[in-house]
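The structure under discussion appears below in the form of structure tokens.
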Amino acid sequence: MLHYSNMPLDRGSNFRKDAAWLSAKMSAQSKWLLVNNNHTLFYKNSPRVCYLTHQQIAHLDLSDALFLGSNDEQHGVFSLDVSAIHDDELAPIIGDAQFFDIRQYGPQVAMQDGSIAALARGLCYWHATHSFCGRCGSKNKLVEAGHSRLCENEHCKHPTFPRTDPAVIMVVTKVFADGVERCLLGRQAIWQQGMYSSLAGFVDPGETLEQAVAREVKEEAGVDVENVRYIASQPWPFPSSIMLGFIAQAKTEQINVDKNELDDAKWFTREEVAEFGNMGDEGEHYKLPRVDSISRFLIEQWLSNKV
């Protein structure tokens, strides 16, 4: 199971428009996850996500509460963006808990909690960046328990729904003349020295996922591919993407890096990749991407001959 992909909540899609139903979910047993400037609340010095009770947050303005779903006990789980609340007001509410980027703890966060926190962060970011109607420019208001916004202009009333940007990410392989299979990995100049990862890019309008894979590999590394095959996907709300993972076979092996896209790209054998260190390691040796990413998952799947 990929990180941020193990959602335990029932999103209540068929019920969350019902104000009475939603109000019942905001009971004393409800759980609340606060988000502050895209950071999630964690217990102090711990990768444990910190949920607050309804009693702890009841005096805050809950009109912009986001319904995330119901847990196994049918209790509501909500998120609230507190970015606009002064630290002095937040301090007595959160105690010694602290706000951190989920990725700071990454794989240390429990799989289900990480998925809930990722959803909360993604929804909060979407609301923060869609305050105005894209058609007429009027103010948007939160509706449907946070899963839609509605233009307040009586002559427009255009509804807007959360968007996720699709991005393809791929391991490209080729059996060379020496009979050894290699994979193509690249790096961006801003990354830590020595870190290489799967190639990736956003899907263009009017483009299939397979076409996006071929285009991105050609644009970034100058390599032609075929036999594009889907492997897995991962929500990546940093800030608002869904990563769609593929494996593809290269038709050509000559690399021509577009320096506007990548700093470098290389072919690596399984033996070479097996010797890579991890992101965050000191030194200039080769390193794999972060453990909680689909990029790492795809590379490890190829490394173990599972794809």
Side-chain angles (χ1 to χ4, degrees), residues 4-38 40-41 49 51-85 93 102 112-166 233-242:
Y4 316 118
S5 306
N6 190 3
M7 176 55 68
L9 302 180
D10 179 351
R11 298 178 186 237
S13 303
N14 294 331
F15 306 101
R16 62 195 183 205
K17 295 180 184 180
D18 185 332
W21 182 90
L22 187 62
S23 179
K25 289 297 179 184
M26 279 193 197
S27 65
Q29 289 76 35
S30 60
K31 298 168 63 177
W32 293 76
L33 184 56
L34 303 188
V35 175
N36 189 351
N37 293 309
N38 294 320
T40 302
L41 191 63
V49 172
Y51 297 95
L52 300 182
T53 66
H54 186 271
Q55 182 179 5
Q56 289 174 292
I57 53 83
H59 70 284
L60 296 177
D61 180 2
L62 304 184
S63 59
D64 286 338
L66 310 178
F67 177 70
L68 304 181
S70 301
N71 58 23
D72 290 340
E73 292 77 29
Q74 293 302 307
H75 298 147
V77 181
F78 293 81
S79 180
L80 191 65
D81 192 336
V82 295
S83 302
I85 299 177
I93 299 173
I102 308 167
Q112 293 189 347
D113 286 336
S115 299
I116 295 172
L119 170 59
R121 173 180 167 138
L123 275 179
C124 286
Y125 175 84
W126 179 75
H127 281 285
T129 54
H130 287 76
S131 297
F132 298 92
C133 176
R135 285 191 175 179
C136 72
S138 299
K139 283 283 292 183
N140 273 334
K141 64 180 179 180
L142 181 150
V143 294
E144 293 187 27
H147 292 265
S148 180
R149 295 187 73 88
L150 184 65
C151 177
E152 295 181 347
N153 182 347
E154 288 296 319
H155 301 288
C156 181
K157 290 187 176 181
H158 177 63
T160 307
F161 300 93
R163 294 292 188 264
T164 298
D165 301 320
S233 64
Q234 181 186 37
W236 196 253
F238 309 114
S240 57
S241 298
I242 175 75

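Hydrogens, waters and symmetry mates play no part in the numbers below; they use all other heavy atoms, side chains included. Along the sequence shown, residues carry numbers from 1. What you see is a predicted model, and the numbers here were worked out from it, not measured in a lab.
Here the side chains of Trp21 and Phe67 are in contact, with some heavy-atom distance below 4.5 Å. A heavy-atom distance below 4.5 Å is not found between the side chains of Leu80 and Leu52. Side chains of Ile57 and Leu34 form a contact here, defined as non-hydrogen atoms less than 4.5 Å apart. You'll find the side chain of Leu41 stays beyond 4.5 Å of the side chain of Val49, heavy atoms only. Side chains of Cys124 and Leu66 form a contact here, defined as non-hydrogen atoms less than 4.5 Å apart. Proximity of Arg135 to Cys156: side-chain heavy atoms (C-beta onward) are separated by under 4.5 Å at one or more points. Using a 4.5 Å heavy-atom threshold, the side chains of Ser131 and Lys139 count as touching. Side chains of Lys31 and Phe78 form no contact here, defined as non-hydrogen atoms less than 4.5 Å apart.
With Asn71 contributing its side chain and His75 its backbone, the two residues share a donor-acceptor pair below 3.5 Å. Between the Thr40 side chain and the Val35 main chain, no donor and acceptor come within less than 3.5 Å of each other. Judged purely by atom type and a 3.5 angstrom limit, Ser5 has no side-chain atom pairing as donor or acceptor with the backbone of Gln234. At distances below 3.5 Å, not a single donor-acceptor pair connects side-chain atoms of Arg149 with backbone N or O atoms of Phe161.
Take Thr164 and apply the side-chain contact (heavy atoms from CB on, under 4.5 Å) test, not counting sequence neighbours, and it matches Ile242. Lys25 is linked by a side-chain hydrogen bond (donor to acceptor under 3.5 Å, both in side chains) to Ser70, counting only residues two or more places apart in sequence or in another chain. Taking Lys141 as the reference, nothing meets the salt bridge (Lys or Arg N to Asp or Glu O under 4.0 Å) condition, with sequence neighbours excluded. Looking at residues two or more places apart in sequence or on another chain, you find a side-chain contact (heavy atoms from CB on, under 4.5 Å) between Arg11 and Met7, Ser13, Arg16, Leu119. With sequence neighbours excluded, no residue satisfies side-chain hydrogen bond (donor to acceptor under 3.5 Å, both in side chains) with Ser241. By the ring pair (Phe, Tyr, Trp, His ring centres under 6.0 Å) test, Phe238 is found to be paired with Tyr4, Trp236, residues two or more places apart in sequence or in another chain being considered. When the side-chain contact (heavy atoms from CB on, under 4.5 Å) test is applied to Ser83, the partners found at least two apart in sequence or on another chain are Asn36, Asn37, Asp81. The salt bridge (Lys or Arg N to Asp or Glu O under 4.0 Å) check on Glu73 picks up nothing, with sequence neighbours excluded. The ring pair (Phe, Tyr, Trp, His ring centres under 6.0 Å) check on His158 picks up nothing, with sequence neighbours excluded. Looking at residues two or more places apart in sequence or on another chain, you find no side-chain hydrogen bond (donor to acceptor under 3.5 Å, both in side chains) involving Glu144. In this structure Ser63 satisfies the side-chain hydrogen bond (donor to acceptor under 3.5 Å, both in side chains) test together with Asp61, sequence neighbours excluded.
The two residues Gly146 and Leu123 come nearest to each other via the heavy atoms O-CD2, 3.9 Å. The heavy-atom pair separating Ser138 from Asn153 by the smallest distance is OG-CB, 3.4 Å. Contact between Ala120 and Ser79 at its shortest, heavy atoms only, is CB-OG, 3.4 Å.
A donor atom on one side chain and an acceptor atom on the other are found under 3.5 Å apart for Thr53 and Gln56. There is no side-chain donor-acceptor pair under 3.5 Å between Ser115 and Asn6.
Checking Leu142, Val143, Asn140 one by one against Leu150, the side-chain contact (heavy atoms from CB on, under 4.5 Å) holds for a single residue, Val143.
Note on residues 122-141: pairs passing ring pair (Phe, Tyr, Trp, His ring centres under 6.0 Å), not counting sequence neighbours, are Trp126-His130.
Distance check: Leu68 CG to Leu33 CG gives 7.0 Å after rounding to the nearest 0.5 Å. Leu62 contributes atom CG, which lies 4.5 Å from atom CH2 of Trp32 (distance to the nearest 0.5 angstrom).
For His59, the NE2 atom sits in a packed shell: over 12 heavy atoms of surrounding residues, nucleotides or ligands are nearer than 6.0 Å.
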